[in-house]
Structure formats: structure tokens, C-alpha cells
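Notes to accompany the following structure.
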2 protein chains.
Amino acid sequence: MKKNVSLKDIANQVGVSVSLVSYVLNGHEKKMRVGEEIARQIKATAERLHYRPNQIAKSLKSKKSQTIGLIVGEIHYRFTTGIVRAIELEAKKNGYTVVIGNSHEDLGSLHELIHVLINRQVDGLIIVAAENAESEIEYLKKKEIPFVLIDRNFPSVESNFIGIDNYRIAYRAVEYLIRQGCRRIAFVNYDTTFFHLKERSRGYLEALKGQEPLLREIRKPFYEQDVAAAVRELTSPGVGCDAIFFATDTLAITGLKNLISLRVNIPEDVAFMSFDEAEAFALFQVPVTHYRQPLEEIGVSAVGMLLEEIQDGKEDGRDVKPKKWRQLYLDSTLVAGKSCRE
Amino acid sequence: MKKNVSLKDIANQVGVSVSLVSYVLNGHEKKMRVGEEIARQIKATAERLHYRPNQIAKSLKSKKSQTIGLIVGEIHYRFTTGIVRAIELEAKKNGYTVVIGNSHEDLGSLHELIHVLINRQVDGLIIVAAENAESEIEYLKKKEIPFVLIDRNFPSVESNFIGIDNYRIAYRAVEYLIRQGCRRIAFVNYDTTFFHLKERSRGYLEALKGQEPLLREIRKPFYEQDVAAAVRELTSPGVGCDAIFFATDTLAITGLKNLISLRVNIPEDVAFMSFDEAEAFALFQVPVTHYRQPLEEIGVSAVGMLLEEIQDGKEDGRDVKPKKWRQLYLDSTLVAGKSCRE
DNA sequence: CTGAAAGCGCTTACAG
DNA sequence: CTGAAAGCGCTTACAG
């Protein structure tokens, strides 16, 4: 790899000191009252040599990297692809670059990534946490590293958070199904310790209003076979289930595949509802009724909150004002299709 | 943000010099014959203080960051999600971290990302290039920055490359359609300067063997309306088209949506073939016939090739042996469904 | 207006 | 066996 041109190279060319070059190239020429002609020469030479500052050196000195780390649960989730772009654009607008890390929903990888990113001096983190990540969050708090959780939070650990009100949306979805005339509504969720997912079950259960619950919990590692089994069971004659509500897009798609191969008619035999959106719904013969998270808004707000956090961190020094954690709950919107007998 | 513990902190605690600490913590205690007891103490103290080396400082000194940059065309492509995991795992196996950048298929963003990543001292780049990126590639060559292109290459610029043989696969796909009895095969591709896509058209055209070509070129920015128009036209009475072959997964999905809403029966009315795989195919009533790229293998090979490149770069110094660029063409496999009257 | 110097946290040849 | 010193490329208070 060819050597990059450094401040020193420019200084030598022009015949001035490195400091002057630094001042001029950082736009401090006015403040430092650098000679006009010299400033001109420095800029011209920098241009001619295609000077690019070494960010590594810059951030070693400044303790700031103008980079934010984004750790996602899995790169191919609809949630991820929806949020990445918003975060990147918003970050760029503010002069930050985004570095993405992929935890594959694994706590060990999350731990690893957090440290890798901190050691590379990201200025802050936006995190879609993995299951049981409480201690990782505590660590970030202890080290006073600016961070914002999105999508998933932990009731036992106060922190900055942006996401949706899972309880409320699940509740409203069931109300909607009831209004469509469904009288035996099943809910297919993961068997999980994730708070945001448990909130969805809670919303489902409370909205049932006397209907007998049909909650089916799927083991994540075996989700394909478990969903298949659940769908088969729920649509079998004795059960009388007339609506299946899936707690995530992955579950919904897997469920739909199984419903298709079982030749279940939607919505005639059972109504179908998904908590999340999925690209794949477009190829199903019936428009699928689902809720849509405000991914764009989550991303933009997360960057905003994080940058404020970074800003605060800079100012404080040794102040004693107690830390204020902020939570922002946004709303999902109903996308009414024709899969619930609308 | 709390100050991180540095080598100096450890040195002070133990009462030795920073150099000793550095030697021990980097595993050079044997080579440097550091006193056993001292080494023990240093390690214990590092442990106790949860020492984590500052990678920024490390790479400023070593000129190596143990990071590779991956620039993708668009984060939500099937190609991207398929390749990211393989690249991350393979990189990790070799002690490298992957930083992902998203060009959104935009040449300006690609340019920007290349520089951002270089300035952050990535040791090398794996790039899914945007259209007309020749000059960016030339720049990398000139600067002797290790890089490997994947998926897309430029016939006018020699470089390292790993991808599939687009011509050959398109050719074989058409042969397959002919064997299924299709006599009027259309091909829907982008109107593009991308070599890999033009190769697909070339493969299609040459395999037709006397059939009159039905090549439809879609303007990328208007692909939804253009695909809709093309599908409508191709399936209209006079045309007699009995098979549509789509050049990418995005085109295929958009095409399929339109075929569905036009109530075209697949494969009875027209056969349907896709050059690439898509998750969404799973929800279509008929298993979709398509080719599958060896994404895993592309990712693993790309990391391997890049690391060799990085290694070479280190060794050379001022040698004169001319640069050898390597190309690796892998094969896609046919996934025969039932959308081509199989 | 300009330059010499210190320092960010690390590595590593060199001297002892 | 161990420490002082130089240097990676930059920033910035300080002196003149």
C-alpha cells in the first residue's frame, strides 16, 4: 500500500511548519490569522497531493472518531434493512459514519462487537440487543458510553430506548380481529425471554376478553418445525381456530408457507394477521393484513438521541446531575389487507 | 465517557515501564525474556483493570487495523444478506473484523465510502461496485490498496474478482427453458452499463438459436412501472410469449407480482424463470424455478483472496514482480421448481 | 503571524 | 532482563 500524504509532506513542500498546515486545513486560518498567501499555497498543495487526513491519528488525538456503531440482531431482518438506511442518512447529515455489526442474535457476538467497536473508538452505539443482554447494557452504563437501544429493551435495566409499544399494538390487533368477527384467535409467538415479545403475548391475552387463549410458543432454534406443527394443530378440525396472529415477520412467513401447503383458505378458513411487515407478502394471492413499524422514524430518532447523548457526555466533565434516561415509544400503523375477511 | 485503562496505568500499578507491559500483553514475554514474576503481575493487573488495548493507537503505530471494509450495493439484496455472514465468519476466523458500508448503488456514495474506509485504515476492501466505478477501481490500484471485487467487474479494468459466469448461466437457463418446450422466450433485464448484467443478456440472446429475441430493458429508476408495462405487453394476446426469464431477483419479484395481478397462470400460460433466488418465492403458489449463486463460497473466497493480497502487500517492499490479478468464476446451481412446466 | 513542543496510546529498536 | 526514547499522524496551548 502506497504511503499516504501527511501534513508533514505538505509542510515540507510549502516550507512551513506542520502546525500551520493543520490550522489551515481545519479551517482555523482566520482564527489563527495565517498569512493569506501561505494559506493559499497550503490549500493548493493539499489539493495537488490529494491530501486526506488520517482519521486514525485524528481520533487518537481528539478522542472522537465521528463514527457511530450500529449493532443489529440479524442483517436480513426486515427491521434491519428498514432501519439501516435511515440511520446512515441521518448520521451522514450530521457528519458521522456508521459502522454496522451483526450479532446474529448471539450474546457472545454482541459482547465481542461492543468491545471491538469501543476499542475502535466509536463515539456511541445504537444497539438492537440480543436476548439476556442486561449485563452488557450495565457495562455500557458503567463506562458511560453513549448508547441507545432500539426495538428491544429490558425492564430491569433503565436505559435510552426507542421502539414501539408492543403491548398496545398486539392488543389493538386482536381487537381488530374481533371486529372482523373472529371468535377463536390464536397467537403464535416465540418461547422467549425477550421483553418486547412477551409484551406482544400480554397484549394478545388481555385483548381476548373471554375468548379462550390459543397461545402457541415456538422454540427459536426449531422454529420451522414448531411453526409447522402449530399451524397443523391449529387448523385441524377439532380446534375451531378462525384466526392466527403471528408475532413476527419470520413467524408469519413460515406460518403462511405452511398454511399454503395445507391448502388452508385465507381468510375463509382462517384469518391471517402479522405483527410485522414482510417483503414476501407481496407474492401471496391475498393482501396480507399486518402492522407496520415506523422504521424510518425509529432510525432518525435513534441517531438524534444518540448525538445528544454524545454531546452531553462531552460537556459534563465532573458534574453531578444525575443521568436522565429517555424512552420513546412510537406507533405502528395498521395495513389492512384482505387476509382477515375485511 | 470514562477513561479507558492504558498500558501506562498498568505500568504505574505494577511499577515497571510501559514497554514491559506491552511486551507481556502481546505475548512477547518469552522472546524478550521478561521476568516470570513480573510477567505474572502484569497479566494479573491487566485482568483486574479489564485492560483493553486501544485499537486506534495500535493501528496508528502498526499501520494495520485488522479490519476489512465491505462495501455492498444495497443492504437488503438477497446477495448482500447471503454474503455478509460468510464474510464476517471467515474474517473473524482470521482475526479480522468487518466494517460494512452501503453504497445504495450510488457512485458518489461508493467514492465517499472508499475514502472513509481507507482513512480509517482498513487493511483491505471487498467491494460490490456501483455502475461506472472504473475510476474508483483505478484509484485503488494506483494506491496499491488491497481489494477484491465481487459480483460485478469491469472488462476495461483488470482486477481481482470473484463472481459467477453470467453469460454461461443465462445461456444454460435458456437451454433449459427450450428443453421444457418454450418456443418464445422473453428476457427482462435492466437497461444498464453493468457488465455482469449485459453478459446475462448476451447469454440469453446466443442461446435462443433462431427464436426471435424478446429482450425487454427496464429503466432502473422506474423499474416498477417498466416491469409492469413489460409484463403486460409480453402477456398480451398477439405476442405469443410462452416464457419470461428475469435477470435479477428484484425484477423477478416485481414481475411475479404483476403476473399475479394480471391473473396469468404459471406455468400454463407462461413459464417463469429467475436468474437469482429470492426469499419471497416461498409464498408463491408454485415453486419457482431459479438459479442459486454460491453466496457462501463467494464470501469465503473473497476473504481468502483479500487476505493473501494484504499479505503480499506487506512482503514486497520495493520488488518489481508485476502484479497478478486473479479472477474466480463460480457456478450457480439450478433449483428446478414447477414454474417452467417441469 | 509562525514554529517548536507536548501528547493521544501504542510498538519496538537500542542501550545497558 | 528492563527502561528511556523515538515515532505513527495529528492537534493545540504556548512562546515569540
Side-chain angles (χ1 to χ4, degrees), chain A residues 1-42 45-46 49-67 115 118-121 123 314, chain B residues 1-43 46 49-67 115 118-121 123 314:
Chain A
M1 194 150 28
K2 287 237 170 97
K3 207 182 144 307
N4 274 312
V5 334
S6 67
L7 287 186
K8 200 168 160 192
D9 297 326
I10 299 175
N12 287 343
Q13 284 267 334
V14 182
V16 295
S17 74
V18 174
S19 348
L20 271 198
V21 180
S22 172
Y23 290 136
V24 171
L25 264 23
N26 285 301
H28 303 329
E29 46 184 305
K30 288 277 173 289
K31 194 171 53 178
M32 302 305 289
R33 286 180 286 182
V34 179
E36 257 185 46
E37 169 58 14
I38 295 219
R40 214 191 42 67
Q41 273 190 52
I42 289 175
T45 310
L49 301 181
H50 299 109
Y51 173 71
R52 297 257 172 188
N54 178 328
Q55 295 300 334
I56 294 273
K58 259 196 146 112
S59 45
L60 178 59
K61 185 85 243 270
S62 66
K63 309 252 124 208
K64 287 293 150 216
S65 61
Q66 294 292 113
T67 306
H115 285 99
I118 291 176
N119 295 342
R120 304 213 183 228
Q121 313 301 119
D123 296 340
K314 272 186 191 160
Chain B
M1 196 149 29
K2 286 237 169 96
K3 207 182 145 305
N4 275 312
V5 334
S6 67
L7 286 186
K8 200 167 162 193
D9 297 326
I10 300 175
N12 287 342
Q13 283 266 332
V14 182
V16 294
S17 73
V18 173
S19 347
L20 271 198
V21 180
S22 172
Y23 291 137
V24 171
L25 265 23
N26 285 301
H28 302 329
E29 46 184 305
K30 289 277 174 289
K31 193 171 53 178
M32 301 306 289
R33 285 178 288 182
V34 179
E36 258 184 48
E37 169 58 14
I38 296 220
R40 215 191 41 67
Q41 273 190 52
I42 289 175
K43 283 190 226 163
L49 301 181
H50 298 110
Y51 172 71
R52 297 257 173 189
N54 179 327
Q55 295 300 334
I56 294 272
K58 258 195 145 113
S59 44
L60 179 59
K61 185 84 242 265
S62 66
K63 309 252 122 208
K64 286 293 150 218
S65 61
Q66 294 293 113
T67 306
H115 285 100
I118 291 176
N119 294 341
R120 306 215 181 224
Q121 313 301 117
D123 296 340
K314 272 185 189 160

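So that the names make sense, note that chain A is the first sequence line, chain B the second, and so on, each numbered from 1. Computation of the quantities below employed the complete heavy-atom set of this structure, encompassing side-chain atoms and omitting hydrogens, waters and symmetry-equivalent molecules.
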Rounded to whole Å, please give me the gap between [atom1] in [X] and [atom2] in [N].
X: B:L60; N: C:dC10; atom1: CG; atom2: P; answer: 12 Å
X: A:K64; N: D:dT11; atom1: NZ; atom2: C1'; answer: 16 Å
X: B:N119; N: D:dG9; atom1: CG; atom2: C1'; answer: 12 Å
X: A:L25; N: D:dC10; atom1: CG; atom2: C1'; answer: 12 Å
X: A:K63; N: C:dC8; atom1: NZ; atom2: P; answer: 8 Å
X: B:D9; N: C:dG9; atom1: CG; atom2: P; answer: 8 Å
X: B:N26; N: C:dA13; atom1: CG; atom2: C1'; answer: 15 Å
X: A:M32; N: D:dA15; atom1: CE; atom2: P; answer: 14 Å

A:E36 atom CD, neighbour heavy-atom count above 12 within 6.0 Å: no
Residues, nucleotides or ligands: over 12 heavy atoms within 6.0 Å of B:H28 NE2: yes
I want to check one thing: is the phosphate of [N], taken as OP1 and OP2, less than 4.0 Å away from some side-chain N or O of [X]?
X: B:S17; N: D:dG3; result: yes
X: B:K8; N: C:dC8; result: no
X: B:Y51; N: C:dG9; result: no

Paired with C:dA4: which nucleotide, if any, by Watson-Crick or G-U wobble criteria at under 3.5 Å for both distances? none
With both distances kept under 3.5 Å, what pairs with C:dA13, Watson-Crick or G-U wobble? none
Taking any heavy-atom pair under 4.0 Å as a contact, classify [X]: base, sugar-phosphate, or nothing.
X: B:V18; answer: base
X: A:K61; answer: base
X: B:S6; answer: sugar-phosphate
X: B:I56; answer: nothing

Expressed in whole Å, how much space separates the P atoms belonging to D:dG9 and C:dT2? 25 Å
Give me the distance, rounded to whole Å, that separates D:dC1 from C:dC10 when you measure between the P atoms they each carry. 26 Å
Options [options], nucleotide nearest the side-chain atoms of [X]:
X: B:S19; options: C:dT12, C:dT2, D:dC1; answer: C:dT12
X: B:I38; options: D:dT2, C:dT12, C:dC10; answer: D:dT2
X: B:P53; options: C:dC10, D:dC14, C:dT12; answer: C:dC10
X: A:L7; options: D:dT12, C:dT12, D:dC10; answer: D:dC10
X: B:V16; options: D:dT12, D:dG3, C:dT11; answer: D:dG3

Over all heavy atoms of both residues, which pair between B:L49 and B:V5 is shortest? Give the atoms and the distance, please. O-CG1, 3.4 Å
Any donor-acceptor pair under 3.5 Å from B:S65 side chain to B:S59 backbone: no
Between B:D9 and B:S6, is there a donor-acceptor pair closer than 3.5 Å when you use the side chain of the first and the backbone of the second?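 Judged by distance alone, yes, a pair lies under 3.5 Å.
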Do B:N54 and B:N4 pass the side-chain contact (heavy atoms from CB on, under 4.5 Å) test, and can you show the C-alpha distance, the side-chain angles, and the key distance before you say yes or no? CA-CA 8 Å; B:N54 179 327; B:N4 275 312; over 6 Å; no
